[in-house]
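The structure presented is a predicted model; accordingly, all values stated were derived computationally and were not measured. All ligand and atom numbering here is 1-based and tracks the order in the structure. As a basis for the values below, the full set of heavy atoms in this structure was taken, side chains included, without hydrogen atoms, waters or symmetry mates.
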Amino acid sequence: MLTFQQLQSTTQGKEVQFVRPLPIVHLLTDSRKLSQPAGSVFFAIQGKYNDGHRYLPQLYTQGVRAFVLEQGEPEELKRLYPEANILLVKNSLEALQRLAAWHRAQFAIPVIGITGSNGKTIVKEWISQLLSTDELVVKSPRSYNSQLGVPLSVWQLQPNHTLGIFEAGISQPGEMEKLQPIIRPTLGIFTNIGTAHDEGFASREQKVQEKLKLFKEVESLFYCADYELLHQAVLAQSINSFTWSRIHPEADLYINATTTAGHRTIVVYTFGGEKQRLALPFTDEASVENALHCLAILLYRRLPLSEIQDRLDRLHPVAMRLEMKEAINGCYLIDDTYNNDLAGLTIALNLQASQPQRGQHTLILSDVLESGLPEQDLYRKVAELVQAHQVQRLIGIGPTISKYSHLFPKADFYTSTTDFLKAFNPDAFRNEVILVKGARVFGFERIVQAFQQKVHGTVLEVNLDALVHNLNYYRAKLNPDTRLMVMVKAFAYGSGSFEVANLLQFHRVDYLAVAYVDEGVALRENGITLPIMVMNPSPDSFPKLRQYSLEPEIYALEQLQAFVASLEPDVKYKIHLKLDTGMHRLGFEEQDFEALFALLERHPQVQVASTFSHLAGADEAIHNDFSQLQISRFRSMATTLEERLKYKIIKHILNSAGIVRFPEHQLDMVRLGIGLYGVEATGSEQEALRPVSTLKTTVSQVKSIKQGDTVGYSRRGIADVDKTTATIAIGYADGYDRRFSNGVGEVLINGRRCPIIGNVCMDMCMVDVTGVPVRPGDAVTVFGPELTLVELAQRIGTIPYELLTNVSTRVKRIFYSE
Ligand SMILES: *Cc1c(COP(=O)(O)O)cnc(C)c1O
């Protein structure tokens with residue numbers, strides 16, 4: 001708990017107003033995550049895309065009474081927020097960092113700081129798992145390792161903790177200097193050095209140097225000396241170290257050999273002059289490297305060998321993925337089986353609270369582990385969190401949470417997952433948003449299965465982190481006052497409209513656009529409140545359009561006449577005028593203008609919110625001249641329009657390709673489409689985007705066929721030699737194009753490319769898996785990061801847009817984030 005005076009002295013803020021003493025418990029940097037206004041201090045941070053100061057009125061109304069701001073006129077602030085304690089600082093983020101550094105300085109416990117290109121989060125979670133029997137660990141939630149995430153992580157430090165484990169990630173020089181005093185590690189781990197964030201640094205050497213700044217005061221730095229660049233840099237700076245190596249026998253921990261045995265890796269190593277062997281419960285390279293860092297820490301702590309083996313055996317993969325998916329009876333599941341500690345629970349509850357669908361919010365929660373708090377206090381905290389996030393129904397599973405049932409009104413308890421499943425009645429759940437949050441030992445994946453709709457083996461996985469990455473990539477190209485409309489037509493290019501729209505609403509884009517009224521209605525019914533433009537509203541849908549506050553695109557005179565005829569008198573209504581500048585699809589031409597103006601003048605209740613046009617060839621450089629011509633026509637037509645109507649109209653013409661190619665013509669708004677979904681239409685900046693969708697299916701059966709046999713309809717697949725084939729559960733009815741038949745298409749199975757053999761059937765197709773280890777049930781990637789839409793589209797002479805939007809709605813969508 002922190003007083004306002006302490007806040008002032010640690011942040012070096014200027015007091016604008018002090019009303020009354022208010023203890024501070026929670027640090028709030030995102031207005032959307034407010035759950036406990038009393039006891040929260042809000043740091044208004046100016047980000048690239050957002051400015052925290054915009055949310056002050058709202059937060060004040062919600063009861064927040066402590067603010068750290070970097071803008072505002074003192075008298076004005078006092079007038080607006082008479083009941084709030086207010087500090088002004090030069091930079092709110094730096095103020096937050098200073099506060100966290102001060103908080104860290106109150107504790108003399110050992111702290112492990114982790115950086116490196118990959119594996120930070122896993123190594124952090126594993127060390128925490130490995131040491132949780134001896135220590136009360138506090139650690140970064142998920143991968144909170146940024147300039148903002150680190151101070152928030154360290155703020156969790158409490159007097160009862162005996163060990164801190166925090167990760168730090170940087171993307172440019174100067175950042176680690178700020179994180180070091182906040183984490184102040186006594187031990188360090190440098191996991192590895194790879195290509196991540198290379199673009200932010202002048203060289204790989206510079207990146208290593210910057211990252212090493214985290215470790216300037218450590219007693220010992222743990223790292224693999226086989227990263228030569230890293231090794232030389234550590235030696236040059238004479239940082240105390242504990243090295244491990246497969247190459248250098250003089251390392252503290254020398255790995256003589258690693259061999260795979262079933263699902264385990266046998267490690268023979270030399271430590272302190274003694275040769276030993278151990279088994280790791282993993283076989284993939286990355287996990288083995290991560291586990292060897294952990295082994296180094298355990299050896300350093302002098303744990304006996306048998307104990308080390310015992311603990312390593314219990315190590316399990318960290319489920320980093322949080323999935324969202326539809327479930328039985330109109331329910332919606334948030335499946336988060338990432339370890340169940342307090343910080344993780346808070347993050348998951350925030351996410352649940354931000355789901356705008358109607359329906360009650362239910363939480364299925366296991367015992368909360370690794371909190372370091374006495375049980376009674378822990379479950380009191382959990383009860384507070386549950387209440388603050390407006391969870392209407394709690395189902396507690398586990399012996400400990402059941403013991404504290406009296407703290408939770410309106411809740412049911414079961415001592416085990418099995419008990420819950422025995423009593424499970426699907427009809428008791430209807431139209432609810434259900435958060436399933438359990439520590440791994442509780443095996444909540446069985447609960448998730450029970451709730452899931454019957455899945456046929458094909459799913460489209462949508463990576464929400466990648467969507468946000470792509471959104472921000474395009475946003476970074478926009479001028480500060482250019483608005484952003486995002487196209488979510490055609491089920492958000494096949495990705496799932498409501499979920500994508502919800503994410504966009506959360507990230508505060510300005511407008512959404514859909515093709516048809518029904519698509520807009522579906523968004524409204526799921527709680528989307530952003531303005532929505534409908535590009536092709538039919539006259540019979542006008543009543544619905546108004547009922548759901550959707551804004552029509554108007555492209556023709558007759559259409560506008562029908563629309564005004566349907567309006568109630570004197571109620572104002574927004575429309576968007578489409579101009580045809582050369583695409584010759586929809587839109588007014590100059591010759592229509594006089595009649596258009598006359599009609600608009602007679603109906604002043606109709607307000608032109610925006611006017612726009614569409615480029616016919618923005619993706620191809622050969623059409624640059626034509627695009628320029630369209631742009632100049634549009635500018636001139638839009639100006640005429642604005643002059644005649646005598647009010648300001650939002651003007652927009654750029655689609656995704658246009659944003660890349662003609663950044664100087666952003667005008668008032670741009671319309672982002674395919675780029676959000678990971679395809680850069682001009683091709684020149686594809687590398688900067690992240691693939692969003694992965695279409696996956698499974699192997700149904702594996703067959704051996706003889707030379708001369710044929711496969712599938714019309715006997716088109718012919719075995720020129722003996723072959724092995726696999727039948728996979730996707731066909732043209734799922735959206736797998738029939739043009740992929742007979743070797744044109746390929747899929748990925750166990751990392752290998754396998755060509756389609758024969759014709760694609762309605763619900764299945766066959767692939768040639770000769771020489772590839774394949775079993776029924778194996779996963780098949782149809783497209784994804786390693787088999788791109790761009791490549792597949794080329795193979796059948798189409799464009800990625802078509803492949804994406806063709807994925808049938810019967811294919812289940814799973815949304816995930818890491
Ligand atoms: C679909 C669409 C867009 C988006 O185009 P992308 O090439 O996907 O960026 C923009 N404007 C209009 C009118 C559209 O129909």
Side-chain angles (χ1 to χ4, degrees), residues 467 470-471 473-475 477-478 482-495 497 500-501 504 509-517 519-520 531-537 550-556 559 575-588 609-621 623 627 630-631 633-634 637-638 650-663 665-686 688-689 691-693 789-790 793 798-806:
L467 268 174
N470 298 341
L471 176 68
Y473 179 73
Y474 283 93
R475 270 192 161 167
K477 293 179 176 293
L478 302 186
T482 303
R483 277 176 256 212
L484 178 60
M485 173 183 269
V486 180
M487 314 309 282
V488 293
K489 60 194 182 196
F491 206 46
Y493 289 52
S495 304
S497 40
V500 173
L504 296 168
V509 308
D510 300 286
Y511 252 100
L512 298 177
V514 294
Y516 295 102
V517 170
E519 295 179 306
I532 299 175
M533 178 175 90
V534 179
M535 294 196 290
N536 217 338
L550 305 169
E551 303 170 12
E553 164 184 328
I554 300 289
Y555 51 80
Q559 190 205 14
I575 63 166
H576 301 265
L577 287 183
K578 176 74 166 285
L579 307 182
D580 184 356
T581 55
M583 171 96 169
H584 298 325
R585 189 167 65 176
L586 295 176
F588 290 98
S610 91
T611 184
F612 68 107
S613 190
H614 195 38
L615 296 176
D619 51 337
E620 291 173 301
H623 301 307
S627 297
Q630 280 196 280
I631 292 170
R633 279 183 188 155
F634 175 68
M637 286 169 82
I650 298 174
K651 298 178 279 303
H652 45 117
I653 189 164
L654 300 184
N655 59 353
S656 307
I659 299 171
V660 171
R661 218 184 273 284
F662 307 105
H665 298 300
Q666 294 174 8
L667 308 177
D668 305 311
M669 184 152 84
V670 296
R671 300 187 305 274
L672 176 61
I674 193 88
L676 179 73
Y677 308 96
V679 177
E680 203 282 285
T682 74
S684 62
E685 300 183 12
Q686 182 60 51
L689 298 186
V692 166
S693 308
L789 285 164
V790 175
T798 184
I799 47 176
Y801 299 69
E802 185 182 346
L803 294 189
L804 267 179
T805 52
N806 269 357

Q: Return the minimal non-hydrogen interatomic distance between Ala618 and Arg661, and the atom names on each side.
A: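 Taking every non-hydrogen atom into account, O-NE, 2.7 Å.
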
Q. Which atom names give the shortest non-hydrogen contact between Phe588 and Ile554, and what distance separates them?
A.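 Nearest heavy atoms, Phe588 then Ile554: CE1-O, 3.4 Å.
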
Looking only at protein heavy atoms, which one is nearest to [atom], and how far off is it?
| atom | result |
| --- | --- |
| atom 5 (O) of ligand 1 | Asn655 CB, 3.5 Å |
| atom 11 (N) of ligand 1 | Arg671 NE, 2.8 Å |
| atom 7 (O) of ligand 1 | Tyr801 OH, 2.7 Å |

**Q.** Separation between CZ of Arg671 and CD1 of Ile659, rounded to the nearest 0.5 Å
**A.**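 The CD1 atom of Ile659 is 9.5 Å from CZ of Arg671, to the nearest 0.5 Å.
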
**Q.** Candidates Leu615, Val660, Leu672 - the one meeting side chain to side chain contact (heavy atoms under 4.5 Å, CB included) with Leu654
**A.**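 One option only clears the test, and that one is Leu615.
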
Numbering as shown, the atoms of ligand 1 that approach [X] to under 4.0 Å (heavy-atom distance):
| X | answer |
| --- | --- |
| Tyr493 | 1 (C), 4 (C), 5 (O), 6 (P), 8 (O) |
| Ser656 | 6 (P), 9 (O) |
| Met535 | 13 (C), 15 (O) |
| Gly673 | 4 (C), 6 (P), 8 (O), 9 (O) |

**Q.** Over 12 non-hydrogen atoms of neighbours within 6.0 angstrom of OH in Tyr516
**A.**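 12 or below, so no.
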
Q. Quick check: are there more than 12 heavy atoms from other residues, nucleotides or ligands sitting under 6.0 Å from CZ of Arg475?
A.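 Enclosed: over 12 neighbouring heavy atoms sit under 6.0 Å from CZ of Arg475.
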
Q: Give me the ring orientation class for Tyr511 and His576: parallel if the planes are under 30° apart, tilted from 30 to 60°, perpendicular past 60°.
A: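 Ring orientation of Tyr511 relative to His576: perpendicular.
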
**Q.** Sub-4.0 Å heavy-atom contact, Arg585 with ligand 1
**A.**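 Yes, that is the case, since the closest heavy atom of the residue is under 4.0 Å from the ligand.
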
Q) Taking atom 2 (C) of ligand 1 as the point of reference, which of Glu680, Lys578, Met487, Lys489 owns the nearest heavy atom? A)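 Answer by nearest heavy atom: Lys489.
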
Q: Would you check whether Ile674 has a nitrogen or oxygen atom less than 3.5 angstrom from a nitrogen or oxygen atom of ligand 1?
A: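 Yes, there is a polar N/O contact under 3.5 Å.
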
